[in-house]
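Reviewing the structure listed below.
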Amino acid sequence: MTDNKAVLPDTCAWIDYFNGRTTPLADSLAQALNDHEVITCGVVMYELFQGVRMDKESEVLRTAFSSLRYLEMDRELWLSAAQLSASIRGKGITLPFSDILIAALARRHDLVVLTVDQHFRQISDLLVTDVL
């Protein structure tokens with residue numbers, strides 16, 4: 001499905017992975033780290049770091065994320081995210097702000113979103129998977 005496209009893991013994938021869970025999602029993230037370019041963004045980092053309870057956890061996250069390519073929102077991407085949200089709301093669907101931003105980044109950069117969050121599946125032209 002991914003045709004070796006770069007992968008943008010959602011927060012839920014990282015949580016499973018860092019918590020050592022044996023789930024298809026954690027396994028897919030481990031595979032992505034070996035087989036694909038894995039990319040992150042501010043929203044995912046924010047969601048992960050705000051849940052850190054110990055300095056050691058924060059250091060593990062900082063080390064892990066320092067080697068990943070990081071994508072930033074720019075003016076055009078903010079507008080694209082707003083248009084995406086408006087379009088989806090026009091269909092009677094309201095998605096969380098964080099998911100809209102992740103989706104906008106993934107769409108612009110032709111990335112696969114790795115997640116079990118069903119919100120992403122409501123965006124018709126977004127590449128989404130939970131198993132690589």
Side-chain angles (χ1 to χ4, degrees):
M1 167 177 194
T2 64
D3 297 325
N4 283 332
K5 288 184 182 282
V7 176
L8 176 59
D10 187 23
T11 308
C12 59
W14 288 110
I15 289 171
D16 276 11
Y17 179 80
F18 282 120
N19 285 334
R21 295 183 182 143
T22 305
T23 65
L25 189 60
D27 293 345
S28 287
L29 180 48
Q31 179 183 340
L33 289 165
N34 286 327
D35 299 342
H36 303 274
E37 181 180 13
V38 175
I39 297 173
T40 195
C41 63
V43 173
V44 171
M45 290 178 61
Y46 168 81
E47 289 180 334
L48 284 171
F49 278 87
Q50 62 86 32
V52 168
R53 293 180 297 270
M54 297 182 298
D55 288 343
K56 182 178 179 183
E57 289 176 342
S58 181
E59 186 57 35
V60 168
L61 287 176
R62 284 180 188 278
T63 300
F65 280 84
S66 69
S67 64
L68 299 179
R69 186 169 149 221
Y70 173 83
L71 296 177
E72 187 64 72
M73 297 288 289
D74 61 22
R75 182 185 311 253
E76 290 303 313
L77 202 44
W78 280 109
L79 293 173
S80 176
Q83 291 167 346
L84 174 60
S85 182
S87 171
I88 291 169
R89 272 198 337 257
K91 297 175 184 175
I93 301 167
T94 302
L95 299 183
F97 179 65
S98 58
D99 292 352
I100 292 291
L101 297 180
I102 292 167
L105 279 163
R107 288 171 72 197
R108 173 185 276 174
H109 296 281
D110 196 28
L111 307 173
V112 176
V113 178
L114 180 62
T115 189
V116 292
D117 185 340
Q118 294 302 308
H119 290 139
F120 291 100
R121 298 198 185 282
Q122 296 179 34
I123 302 171
S124 60
D125 61 342
L126 185 65
L127 297 171
V128 181
T129 189
D130 56 354
V131 179
L132 293 175

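Basis for what follows: all heavy atoms, side chains included, without hydrogens, waters or symmetry-related copies.
In this structure, R62 places its CZ atom where only 12 or fewer heavy-atom neighbours from other residues, nucleotides or ligands lie under 6.0 Å away. Environment of OH in Y17: sparse, with no more than 12 heavy atoms of neighbouring residues, nucleotides or ligands closer than 6.0 Å. By the 6.0 Å contact criterion, OH on Y70 is enclosed, its count of non-hydrogen atoms from other residues, nucleotides or ligands being greater than 12.
Taking hydrophobic clusters as Ile, Leu, Val, Met, Phe, Trp and Tyr residues chained together by side-chain heavy-atom distances below 4.5 Å, F49 shares a cluster with L8. Note: the hydrophobic cluster containing I93 also contains I100 (ILVMFWY, side chain heavy atoms under 4.5 Å, direct or indirect links). F120 and Y46 are assigned to two separate hydrophobic clusters, defined by single-linkage of ILVMFWY side chains at heavy-atom distances under 4.5 Å. Residue L79 is not grouped with residue L101 when hydrophobic side chains (ILVMFWY) are merged at heavy-atom distances under 4.5 angstrom, including chains of intermediate members.
The shortest distance between side-chain heavy atoms of I123 and L95 falls below 4.5 Å. In this structure, the side chains of V131 and Q31 stay at 4.5 Å or more apart for every pair of heavy atoms. L29 is not listed as a side-chain neighbour of D16, based on a closest heavy-atom distance of 4.5 Å or more. Residues V44 and P9 fail the side-chain proximity criterion, which asks for heavy atoms closer than 4.5 Å. The shortest distance between side-chain heavy atoms of L25 and D27 does not fall below 4.5 Å. Side chains of L114 and T129 form a contact here, defined as non-hydrogen atoms less than 4.5 Å apart.
In this structure, the separation between CG on N34 and CG on L132 is 11.0 Å, given to the nearest 0.5 Å. The CD atom of E76 sits 13.5 Å away from the CH2 atom of W78 when rounded to the nearest 0.5 Å. How far CG of L84 is from CZ of R107: 4.5 Å, rounded to the nearest 0.5 Å. Separation of atoms OG1 (T40) and CH2 (W14) is listed at 6.5 Å; rounding is to 0.5 Å. Note that CG of L111 and CD1 of I102 are 11.5 Å apart. Values are rounded to the nearest 0.5 Å. Between the CG atom in L61 and the CZ atom in F18 there is a gap of 5.0 Å [rounded to 0.5 Å].
The shortest non-hydrogen separation linking A26 to R21 is CB-O, 3.3 Å.
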_Walk me through whether R121 and D130 qualify under side-chain contact (heavy atoms from CB on, under 4.5 Å)._
CA-CA 11 Å; R121 298 198 185 282; D130 56 354; 4.0 Å; yes

_Criterion side-chain contact (heavy atoms from CB on, under 4.5 Å) on H109 and I39, from CA distance to verdict_ = CA-CA 10 Å; H109 296 281; I39 297 173; 6.0 Å; no

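Checked by atom type and distance alone, the side chain of T63 pairs as donor or acceptor with a backbone atom of E59 at under 3.5 Å. A donor-acceptor contact shorter than 3.5 Å is absent between the side chain of S87 and the backbone of Q83. Not a single donor-acceptor pair under 3.5 Å links the side chain of D10 to the backbone N or O of A13.
Pairs passing the salt bridge (charged side-chain N to carboxylate O under 4.0 Å, His left out) check and including a residue from residues 90-105, sequence neighbours excluded, do not occur. Sorted by first and then second residue, the pairs that involve residues 35-50 and meet salt bridge (charged side-chain N to carboxylate O under 4.0 Å, His left out), not counting sequence neighbours, are E37-R69.
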